[in-house]
Amino acid sequence: GGVPPWDLTDALDRGHTGKALELSRRMVHGGDRHPLQILAILHTHYVRLARLDGADARSDADAAAAIGIKPGYPAKKALETYRRLGTGPVARAVQLLARADRDLHGETGLEADVVLDVLVARLSRLAPTR
C-alpha cells in the first residue's frame with residue numbers, strides 16, 4: 001500500500017538506506033505515485049532544509065519564518081534535521097535532486113525506477129553516521 005511522505009523523508013534523514021528504498025518503491029508501486037511525484041516530495045523536503053541555511057534560526061518560530069510555514073511540529077522537525085545534516089549534505093541533496101530530475105526527463109535513458117533508487121540511496125548516505 002501507499003506510504004505517507006514523511007516516512008520516506010524520516011528514513012532518509014536517519015540514513016536508513018534499505019528502509020528508504022523499500023518505502024520509495026511502495027510509494028510508486030503500492031501507492032500509485034509517479035517517480036516525479038516522489039521527486040517533488042523530496043524536493044520540498046530538502047528545499048525547506050536549504051532555506052534554513054544561513055537563516056540563523058534558533059527556535060521553531062524562526063525556522064517557520066525562514067521556511068515559510070506555520071510554527072509547530074514541521075518547523076521544529078526541519079530545524080532539528082538541518083542541525084543534524086548541516087550545510088554540505090543539504091546542498092548536495094539539492095544537487096542530487098537536480099540530477100535525478102534531468103534523468104527522469106530522459107537525459108540518461110535510465111528507467112525511472114533505477115533513477116529513483118539511485119537518488120534515494122545517495123540521499124540516505126548524506127545522513128551523518130552514528
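We number each residue from 1, following the sequence as shown.
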**Message:** If you apply the rule side chain to side chain contact (heavy atoms under 4.5 Å, CB included), what do you find for Ile41 with Met27, and how did you get there?
**Reply:** CA-CA 11 Å; Ile41 289 166; Met27 291 173 86; 3.7 Å; yes
**Candidate pair Leu123 and Leu126, rule side chain to side chain contact (heavy atoms under 4.5 Å, CB included), full reasoning** = CA-CA 5 Å; Leu123 289 173; Leu126 297 175; 4.0 Å; yes
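Open room surrounds CZ on Arg125; 12 or fewer heavy atoms of other groups in view lie less than 6.0 Å from it. Few gaps surround CZ on Arg33; more than 12 heavy atoms of other groups in view lie less than 6.0 Å from it.
The salt bridge (charged side-chain N to carboxylate O under 4.0 Å, His left out) test with Lys77 singles out one residue from Asp60, Asp10, Asp13, and that residue is Asp10.
At a cut-off of 3.5 Å, with distance as the only test, a side-chain donor of Thr87 or Tyr82 sits close to an acceptor on the other residue.
For the residue pair Leu49 and Ala78, the shortest heavy atom distance occurs at CD2-O, 3.3 Å. Taking all atoms of both residues into account, the shortest heavy-atom contact from Gln37 to Asp32 is OE1-O, 4.1 Å. Heavy-atom minimum distance, Ala63 versus Ala75: CB-O, 3.8 Å. Taking all atoms of both residues into account, the shortest heavy-atom contact from Ala121 to Ser124 is O-OG, 2.8 Å. In this structure, Ala127 and Leu85 approach most closely via the heavy-atom pair CA-CD2, 3.7 Å.
Taking 4.5 Å as the limit, every side-chain heavy atom of Val115 sits out of range of all side-chain heavy atoms of Arg99. Between Thr9 and Tyr46 there is no side-chain heavy-atom pair separated by less than 4.5 Å. The side-chain heavy atoms of Arg84 and Pro128, taken from C-beta on, include a pair separated by under 4.5 Å. Residues Val47 and Arg51 have side chains in contact (heavy-atom distance under 4.5 Å, counting atoms from C-beta outward). With a 4.5 Å cut-off on side-chain heavy atoms, Glu80 and Lys76 count as touching.
Between Leu12 atom CG and Leu21 atom CG the span is 8.5 Å, to the nearest 0.5 Å. The distance from atom CG of Leu79 to atom CZ of Arg48, rounded to the nearest 0.5 Å, is 13.5 Å. Once rounded to the nearest 0.5 Å, the distance linking CG of Leu52 with CG of Asp62 reads 10.0 Å. Distance check: Leu42 CG to Leu8 CG gives 5.0 Å after rounding to the nearest 0.5 Å. Summarising the geometry, atom NE2 belonging to His43 is positioned 8.5 Å from atom CG belonging to Asp101; distances are rounded to the nearest 0.5 Å. Put simply, CG on Leu39 and NE2 on His105 are 8.5 Å apart, with the number rounded to the nearest 0.5 Å.
In summary, Arg58 and Asp56 engage in a salt bridge, as defined by a charged side-chain N under 4.0 Å from a carboxylate O. Using a 4.0 Å cut-off between charged side-chain N and carboxylate O, Asp117 and Arg25 make a salt bridge.
In the hydrophobic clustering of ILVMFWY residues, with side-chain heavy atoms under 4.5 Å counting as a link, Ile69 and Val90 come out together.
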